[in-house]
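Computed from a predicted structure; not experimentally measured. Residue numbers count from 1 along this sequence.
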Amino acid sequence: YLEESFIQSLHPLLCLEIGIGCGFGITSLCSLLSKSDPNCKYIGTDINPEALKVAQKTVDQYKFTSSIKLVKANIVDSIESEIAGKIDVLLFNPPYVETSEEEYKEAQEKGDISASWAGGKDGTQLLSQ
C-alpha cells in the first residue's frame, strides 16, 4: 500500500504505460487515481494491434473507456509531442528476453506478439535506443 499512497500523493495529470499488453496496468492505475485525481489523463501504447484489442476489452470491462486512450505506437513515436515533459507516472515493461539482432529487428518490424518479449542483445536493445 506504500506505493499506492505515494502515487496518489503525486496527484498526476498524465500517466503513460508503454507496452500496454492486456491493459491491466493502466486500468489499475486509473482505478486507483480516478476518484482523487479526476483530471488525470491516461495513455497506453503498444506496437502490437492484437494487444491493443485485448487492452480495449479490459478498459471497457472496467468502464474506463472515456478515461484511457490507447495508441498503436512503437514506444511513443506517434504521441511524443503530445506528452513531452508532461508524464507524471510511467509504467514500462520492455522486451527483455535475449534474442539475436535479426530476431529483435524482425519482431519490431512485424509488431506482433514477439515484439513484447524479443529484447535483442542482452535483452536490453530497446532500452539502448
Side-chain angles (χ1 to χ4, degrees):
Y1 296 104
L2 176 62
E3 294 85 6
E4 290 178 5
S5 297
F6 174 73
I7 291 171
Q8 288 171 324
S9 75
L10 296 173
H11 300 289
L13 295 176
L14 179 60
C15 298
L16 171 68
E17 182 173 16
I18 298 171
I20 195 168
C22 70
F24 186 73
I26 199 78
T27 301
S28 296
L29 194 57
C30 185
S31 179
L32 173 68
L33 297 170
S34 61
K35 290 183 179 133
S36 61
D37 293 292
N39 295 323
C40 186
K41 295 181 181 170
Y42 305 87
I43 301 173
T45 69
D46 208 297
I47 195 171
N48 181 348
E50 294 304 314
L52 289 169
K53 287 178 188 175
V54 172
Q56 187 65 60
K57 288 180 182 179
T58 303
V59 168
D60 293 346
Q61 179 181 349
Y62 288 93
K63 300 184 180 8
F64 289 126
T65 306
S66 62
S67 303
I68 300 173
K69 176 181 175 181
L70 301 178
V71 180
K72 183 179 184 303
N74 184 11
I75 313 280
V76 295
D77 286 347
S78 63
I79 60 169
E80 192 169 352
S81 62
E82 178 183 344
I83 64 170
K86 299 176 186 174
I87 301 167
D88 297 305
V89 177
L90 173 66
L91 305 175
F92 185 34
N93 186 16
Y96 55 87
V97 175
E98 187 171 347
T99 60
S100 69
E101 172 82 17
E102 183 179 313
E103 187 175 0
Y104 169 77
K105 285 182 179 179
E106 184 178 311
Q108 293 300 306
E109 288 171 8
K110 287 168 58 178
D112 64 4
I113 192 68
S114 63
S116 67
W117 54 264
K121 184 179 189 233
D122 298 326
T124 61
Q125 193 156 343
L126 186 65
L127 296 173
S128 300
Q129 291 182 349

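We find the CG-NZ distance between D46 and K72 to be 9.0 Å, quoted to the nearest 0.5 Å. Between atom CD of residue Q125 and atom OG1 of residue T99 there is a gap of 7.0 Å, rounded to the nearest 0.5 Å. The CG atom of N74 lies 8.5 Å from the OG1 atom of T45; values are rounded to the nearest 0.5 Å. For the atom pair CD1 (I83) and CG (L90), the distance works out to 8.5 Å, reported to the nearest 0.5 Å. Once rounded to the nearest 0.5 Å, the distance linking CG of L29 with OG of S34 reads 10.0 Å.
At least one donor-acceptor pair under 3.5 Å links the side chain of T58 to the backbone N or O of C22.
Between L10 and D88, the closest side-chain pair of non-hydrogen atoms is not below 4.5 Å. When side chains are defined from C-beta on, I75 counts as touching F92, because their heavy atoms get closer than 4.5 Å. Taking the side chain as every heavy atom from C-beta outward, N48 and S116 never approach each other to under 4.5 Å. Q8 has its side chain within reach of L32: a pair of non-hydrogen atoms, C-beta onward, lies under 4.5 Å apart. Taking the side chain as every heavy atom from C-beta outward, Q56 and T65 approach each other to under 4.5 Å.
Nearest heavy-atom pair, C15 versus L33, reported as atom, atom and distance to 0.1 Å: SG-CD1, 3.9 Å.
With respect to K105 and E102, no salt bridge is recorded, no charged nitrogen being found less than 4.0 Å from a carboxylate O. Salt-bridge check for K41 with E82: failed, with every basic side-chain N at 4.0 Å or more from each acidic carboxylate O.
Both L52 and Y62 are assigned to one and the same hydrophobic cluster, defined by single-linkage of ILVMFWY side chains at heavy-atom distances under 4.5 Å. Hydrophobic cluster membership differs between V54 and I43, with clusters built from Ile, Leu, Val, Met, Phe, Trp and Tyr side chains linked at under 4.5 angstrom.
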Legend entry - D112 and E50: CA distance, side-chain angles, deciding distance, side chain to side chain contact (heavy atoms under 4.5 Å, CB included) verdict: CA-CA 8 Å; D112 64 4; E50 294 304 314; over 6 Å; no
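The stretch residues 22-32 participates, sequence neighbours left out, in no side-chain hydrogen bond (donor to acceptor under 3.5 Å, both in side chains) pair at all.
Within a 6.0 Å sphere centred on CZ of F64, heavy atoms belonging to other residues, nucleotides or ligands number more than 12. With a 6.0 Å radius and a threshold of 12 heavy atoms from other residues, nucleotides or ligands, E80 has its CD atom at or below the threshold.
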